[in-house]
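Report on one structure; see the data block that follows.
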Protein chains: 2
Amino acid sequence: MATHNTDLPAGESPASSRAKIIETAEPLFARQGFAGVGLREVAERVGLGKSSLFHHFPSKVKLYAAVLERVLVEFDRRLSERERTAGTALARLHAWADAGVDTLAENPTFGPLLLRSLFEDDILAPPERDLVDAAFDRIVARISRTLEEGMASGEIRELSIPHTIQSLIGLTVYPFASDSLGQRLLGSPIYSAEQIRARKQHLFEFIARGFSVP
Amino acid sequence: MATHNTDLPAGESPASSRAKIIETAEPLFARQGFAGVGLREVAERVGLGKSSLFHHFPSKVKLYAAVLERVLVEFDRRLSERERTAGTALARLHAWADAGVDTLAENPTFGPLLLRSLFEDDILAPPERDLVDAAFDRIVARISRTLEEGMASGEIRELSIPHTIQSLIGLTVYPFASDSLGQRLLGSPIYSAEQIRARKQHLFEFIARGFSVP
DNA sequence: GTCTATACACCGATAGAC
DNA sequence: GTCTATCGGTGTATAGAC
């Protein structure tokens, strides 16, 4: 009865325009950052007039927030798939590192966007900011819980949980944000199958060695 | 004989305006990134008219390059002070991690700027880009050499040098770029004496455990 | 070496027709 | 839901007086 067509082809991208705009803006924000992207460019790529964007998002900031939230939620979802891994805490951390690298490797915008969301803090304001923070907190809580569990059971050595989380981010997310440096350093793109495998192995070894009891 | 006063008060900041502009722009670029900073704001803080900046720097990009280069050169200089540390390769890596953290802790703009220089690659073009790349390469070469040396002598286990460098950057630089996240995670700013100490200890343990032979 | 004035493009955002 | 037209403001950069 609505004037809008809410009945969808089922299976076909309902996406409306909203999802399409988010997907189009995502790589631009990832590469250029919030300030570096103009809505004109986004609109052009979507195939809309600039003003039409404002029908779907009331402001540029809210579009950016929508992009970030989608990334964080998806990243968290990918980790959650491994929540019930094996028995030991260390095995779960290993599985999460594996899932994290897979997710970053499959989505080249995720590394830069996640990194930006972590150190460019003066873009989002309280209303949208809270959504992004909440998504991030879920990820942190997930890891913290398992670290505590492992330390309690004596499986993992005593270490500072916040510093460990920072280290895990630095070891996992950062390398997938620095694509060009990675390429210069490694000789081949970090997004190549070969380097993804190498990165995983490197990361796993650091986790195993860094976390095991003395 | 020159019309400009090239004779300096000796000890007093010669700085002319150039250095002052760089120092003023540095924290702005660190927080907001290249695209997020307007020359109007820089000029205001320096106490000049906007147009006067162009007398000292022919373009915004060259100012940004000058800021980045200064940071990279200074960072490299701080590492170089420990070049002749102790005897063993592992001790030198330890000393460099120590110096790196000290430098990042003393210069809150360095973390964000270094991180930006590593993953925002489409800002600088070949002429200025080469200067920044060269400064970065000196740091990488320094570390690579010592890693190779340690691996050759059997003091350090066999590992991928590029991936290890990426890991060291992620473990050392990244945490000092994410000030607000650090604060939310840690409870107190990463730039507090207490957290600097904690970060160092954490980092040292990861290096010792991650690099030692099986 | 600093200033005022200006050029010209683009910014995010709004109004209102269709 | 998309469009055209337009708003006020800012962006980098230049010209030229002082």
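Labels below follow one simple rule: chain letters A, B, ... track the order of the sequence lines, proteins then strands, and each chain is numbered from 1. Worth knowing before you read on, the calculation uses all heavy atoms, side chains too, and leaves out hydrogens, waters and symmetry mates.
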**Prompt:** Just checking, any donor-acceptor pair under 3.5 angstrom between side chains of Thr24(B) and Arg45(B)?
**Reply:** no
Write down the protein N/O and nucleotide N/O pairs, taken from nucleotides 2-5 of chain D, whose separation is under 3.5 Å; answer none if there are no such pairs.
| from | atom 1 | to | atom 2 | distance (Å) |
| --- | --- | --- | --- | --- |
| dT2(D) | OP1 | Ser17(A) | OG | 3.2 |
| dT2(D) | OP2 | His56(A) | NE2 | 2.6 |
| dC3(D) | OP2 | Gly49(A) | N | 2.4 |
| dC3(D) | OP2 | Ser52(A) | OG | 2.9 |
| dT4(D) | O4 | Ser51(A) | OG | 3.0 |
| dA5(D) | N6 | Ser51(A) | OG | 2.9 |

**Message:** Atom CZ of residue position Arg31(B) - does it have more than 12 heavy atoms of other residues, nucleotides or ligands inside 6.0 Å?
**Reply:** no
**Prompt:** Can a donor-acceptor pair be found between the side chains of Ser167(A) and Arg199(B) at a distance below 3.5 Å?
**Reply:** yes
**Item:** DNA chain C contacts made by residues 27-46 of chain B, counting heavy atoms under 4.0 Å
**Value:** none
**Message:** If I compare all heavy atoms of Ala198(B) with all of His163(A), which pair ends up nearest, and what's the gap?
**Reply:** CB-NE2, 3.5 Å
**Request:** Would you mind reading off the distance between Tyr64(B) atom OH and dT12(D) atom C1', rounded to a whole angstrom?
**Result:** 17 Å
**Prompt:** Is any side-chain N of the basic residue among Arg145(A) and Glu149(A) closer than 4.0 Å to the acidic one's carboxylate O?
**Reply:** no
**Prompt:** Over how many whole Å does the gap from Ile21(A) atom CD1 to dG1(D) atom C1' extend?
**Reply:** 11 Å
**Prompt:** Which whole-number value in Å describes the distance from Lys60(A) NZ to dC11(C) C1'?
**Reply:** 8 Å
**Message:** Tell me the interatomic distance from Phe54(B), atom CZ, to dT14(D), atom C1', rounded to whole angstroms.
**Reply:** 9 Å
**Request:** Hey, could you give me the CG/CD1 distance between Leu186(B) and Ile161(A), rounded to the nearest 0.5 Å?
**Result:** 12.0 Å
Side-chain donor-acceptor pairs under 3.5 Å in residues 173-181 of chain B, sequence neighbours left out?
| from | atom 1 | to | atom 2 | distance (Å) |
| --- | --- | --- | --- | --- |
| Tyr174(B) | OH | Gln166(A) | OE1 | 3.2 |
| Ser178(B) | OG | Gln166(A) | NE2 | 3.2 |
| Ser180(B) | OG | Asp121(A) | OD2 | 3.1 |

**Request:** Measure the acute angle between the ring planes of Tyr64(B) and Phe29(B), then classify it against the limits of 30° and 60° as parallel, tilted or perpendicular.
**Result:** perpendicular
